[in-house]
Amino acid sequence: MITRHNAIVAVLLVLAALLPAQAAQAAPALSWTGCGAGLQCATLTVPLDHSRPGDRTISVAVIRRPAGDPAHRVGSLVFNPGGPGGSGIDFVHRNLALVPPELLARFDFVTFDPRGVGSSTPVHCFASLAEQQAFAASVPAFFPVGPAQEQTYTRAYQDYGARCARRNAGLLPHMSTANVARDVDLLRQALGESSLTYFGVSYGSYLGTTYANLFPQRVRALLLDGADDPVQWVGGADRNRVPTFVRTRADIGSSQTMAQFLDMCADAGPRCEFAVGTDRKVTADRFNALMNIVRRQPVPVATPRGTVQLTYAIAADAIAQNALFTQTAFPLLARALNRLDHGDGTLLLQFAGLYATPTTYDNATESGTAVLCVDGDNPAEPAAWPGAARDADQRAPHFGSLMAYFSFPCAAWQARDAGRYTGPFDRPTAHPVLVVGNRFDPATPYEGAVALRHRLADARLLTLDGWGHTALLQPSKCAHDAEVRYLVDGTLPAAGTVCTPDAGPFDVPAP
């Protein structure tokens, strides 16, 4: 069971006297209604500005799956699927099967669309889906290649920033992760929980880190899976010169994970469709040559919405931000690369999510940008990005520009959030935090989890010696069992615990 340490309690009592007083707020209420498939939905009303709780309010959409074993229910488990801009509502409808069954049995599984996202009071930078799609068609996908595209990119995102500011003037200055953490504490109260049990993956780990330092005395259990170094997220020593995801080393994480993929592909020989015999170097050379060919000449792909050009930037995103996220997708990535090398980019375009035309307005990118640009510092001038991208490409070929340009809209972003949190990140929590890091994670490199474990006042690190983004998405009974035991009864894995995947990515050929 989780035990309260008397020394920590004493520190928290002193700390509570020193921290700025929070404005008094009445405990919010939730009115649950059935919303299909045994799920219940509600709306949480929260202040737009937590420093002025009596002024304007906004809505946060909440969904829960009641505990499957109510006789052994522990309480409510609040989950965030990442992003920023990720929808908890969508996660429940599409990916609930990823959650270990014991967690669904022992907890009411509760998640939400954070402020600005999806079904909550949303950030919308465009008047319609058609306008959103017209903008997307006018700008190179993901990042520019060459001076002409750089100029187009700059003009487009200056216009984008202005549109977002006009349409969301009241909301954008209150989109920081710190304000989402304050919403989470109101959600905790509305759920009737005296302390928070929380599971955050990817960006959700930064949300949990922020909560731990804003509300340290209200922590029951915080599981942070796929963690970034919070100091690098907000700015670090290079806060005004280096784009966010270069600071967090996502470019290097992508490059290292891709190198692992290519080595394992070669080792698998005929079980990996992209392998050249069993020669690691020749297989890696084949990949580099293929990417350089696509950089010079995009590959046309016939889709339901017409012919789409699979560019170098689209290929980089499809690999780093999609195919490398789960080791179970590695055989399909090998197939996609092999087909691309034979002129067919269909499968890789599907990995990028660009094969079919969207039918509904998805604001994940817009809301994610709204969080990213007020949370952390980025270069103030668009002219800083090409050089930063070239530097990143030198250390992480094919993925440096992708990661550098993710925060490019911040150069023209007009909003700032006075309520953002920039540290400290070492406030003693009522109970220890569990940080989980995957050794080869393309999005949140293992070094980030190690750094977070040292920055938090009381944390344990669980390592998955595997591949892909977060432990949740990987096949590892060892890691999943450790996460379950921590959330259910507070048992931490032994210090230095290293888990492995249940099987290797190429142990079974792609279907």
Side-chain angles (χ1 to χ4, degrees), residues 1-19 22 67 72-80 99-100 102-103 106-111 177-178 180-182 184-201 204-227 230 421 423-437 449-463 471-472 479-497:
M1 294 296 291
I2 294 178
T3 59
R4 183 180 297 272
H5 302 290
N6 291 336
I8 292 178
V9 172
V11 171
L12 290 172
L13 291 173
V14 173
L15 182 62
L18 296 175
L19 292 175
Q22 294 282 329
H72 298 95
R73 177 182 176 274
V74 176
S76 297
L77 171 61
V78 176
F79 176 82
N80 181 273
V99 180
E102 186 173 352
L103 294 181
R106 302 293 300 277
F107 289 97
D108 292 343
F109 186 84
V110 179
T111 186
T177 298
V180 179
R182 296 177 181 110
V184 168
D185 197 57
L186 292 179
L187 175 59
R188 173 194 62 79
Q189 295 175 51
L191 293 169
E193 301 290 349
S194 60
S195 56
L196 179 69
T197 303
Y198 174 83
F199 187 175
V201 297
S205 69
Y206 179 68
L207 173 57
T209 298
T210 304
Y211 185 93
N213 287 279
L214 287 176
F215 305 102
Q217 71 277 23
R218 297 171 192 164
V219 169
R220 176 189 173 271
L222 296 182
L223 172 56
L224 311 180
D225 183 359
Y421 187 76
F425 294 102
D426 59 356
R427 288 178 170 159
T429 49
H431 298 103
V433 175
L434 180 59
V435 177
V436 183
V450 173
L452 177 60
R453 175 258 177 272
H454 288 292
R455 294 195 190 281
L456 293 170
D458 187 6
R460 180 71 50 83
L461 175 64
L462 172 67
T463 298
L472 176 67
H480 296 168
D481 285 352
E483 292 182 335
V484 168
R485 293 276 58 79
Y486 169 72
L487 289 171
V488 171
D489 55 40
T491 302
L492 289 165
T497 296

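As a basis for the values below, the full set of heavy atoms in this structure was taken, side chains included, without hydrogen atoms, waters or symmetry mates.
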Inset, instruction - Could you check whether the rings of Y421 and F425 sit parallel, tilted or perpendicular, using 30° and 60° as the cut-offs? - result: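 Ring orientation, 0 to 90° scale: perpendicular.
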Which heavy atom of [X] sits nearest to which heavy atom of [Y], and what is that distance?
{"X": "L461", "Y": "G437", "result": "CD1-N, 4.2 Å"}
{"X": "L462", "Y": "A482", "result": "CD2-CB, 3.7 Å"}
{"X": "S205", "Y": "G226", "result": "OG-O, 3.3 Å"}
{"X": "D225", "Y": "E483", "result": "OD2-OE2, 3.1 Å"}
{"X": "A471", "Y": "A479", "result": "CB-CB, 4.2 Å"}
{"X": "A178", "Y": "T210", "result": "CA-CG2, 3.8 Å"}

Legend entry - Option from V435, L214, L222, L456 for which side-chain contact (heavy atoms from CB on, under 4.5 Å) with T209 holds: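 Exactly one candidate clears the test, L456.
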Inset, instruction - With L224 as reference, evaluate V436, V201, V433, L434 under the side-chain contact (heavy atoms from CB on, under 4.5 Å) test and give the passing residue. - result: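 The option that passes is V433.
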Legend entry - R182/D185 salt bridge by N-O under 4.0 Å criterion: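 Salt bridge between D185 and R182, a charged N being under 4.0 Å from a carboxylate O: no.
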Legend entry - Short side-chain to backbone donor-acceptor contact, N213 and D426, under 3.5 Å: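 At least one qualifying donor-acceptor pair exists.
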Inset, instruction - Give a yes or no on whether the backbone of V219 and the side-chain of H431 come within a donor-acceptor separation of less than 3.5 Å. - result: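 Side chain of H431 to backbone of V219: a pair is present.
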Using side-chain hydrogen bond (donor to acceptor under 3.5 Å, both in side chains) as the criterion, list what pairs up with [X], not counting sequence neighbours.
{"X": "T177", "result": "Y203, D375"}
{"X": "H72", "result": "D69"}
{"X": "T111", "result": "none"}
{"X": "D481", "result": "K477"}

Legend entry - Inter- and intrachain pairs under salt bridge (Lys or Arg N to Asp or Glu O under 4.0 Å), touching residues 189-200, at least two apart: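 For residues 189-200: R73-E193.
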Legend entry - Stepwise side-chain contact (heavy atoms from CB on, under 4.5 Å) test for L77 and L487: CA-CA 8 Å; L77 171 61; L487 289 171; 4.2 Å; yes
Legend entry - Audit row: Y198, N80, side-chain contact (heavy atoms from CB on, under 4.5 Å) steps and yes/no: CA-CA 8 Å; Y198 174 83; N80 181 273; 3.3 Å; yes
Legend entry - All salt bridge (Lys or Arg N to Asp or Glu O under 4.0 Å) counterparts of R106, not counting sequence neighbours: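 Scan of R106 (salt bridge (Lys or Arg N to Asp or Glu O under 4.0 Å), adjacent residues dropped) gives E102.
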Legend entry - Set of residues satisfying salt bridge (Lys or Arg N to Asp or Glu O under 4.0 Å) with respect to R453, sequence neighbours excluded: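 In terms of salt bridge (Lys or Arg N to Asp or Glu O under 4.0 Å), with neighbours along the sequence ignored, R453 is linked to no residue.
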Legend entry - Qualifying residues under side-chain contact (heavy atoms from CB on, under 4.5 Å), relative to S195, sequence neighbours excluded: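 Here the qualifying residues are R220.
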Inset, instruction - Working to the nearest 0.5 Å, report the span between CG of L186 and CG of L191. - result: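 It is 11.0 Å, given to the nearest 0.5 Å.
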Inset, instruction - State, with a plain yes or no, whether a side-chain heavy atom of L452 is found less than 4.5 Å away from one of P230. - result: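 Counting from C-beta outward, L452 and P230 do come under 4.5 Å.
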Legend entry - Stepwise side-chain contact (heavy atoms from CB on, under 4.5 Å) test for F107 and T197: CA-CA 10 Å; F107 289 97; T197 303; 4.0 Å; yes
Inset, instruction - Kindly write out the residues that satisfy ring-ring contact (aromatic ring centres under 6.0 Å, His included) with F79, not counting sequence neighbours, or none if the list is empty. - result: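 Residues passing ring-ring contact (aromatic ring centres under 6.0 Å, His included) with F79: F91, F109, F199.
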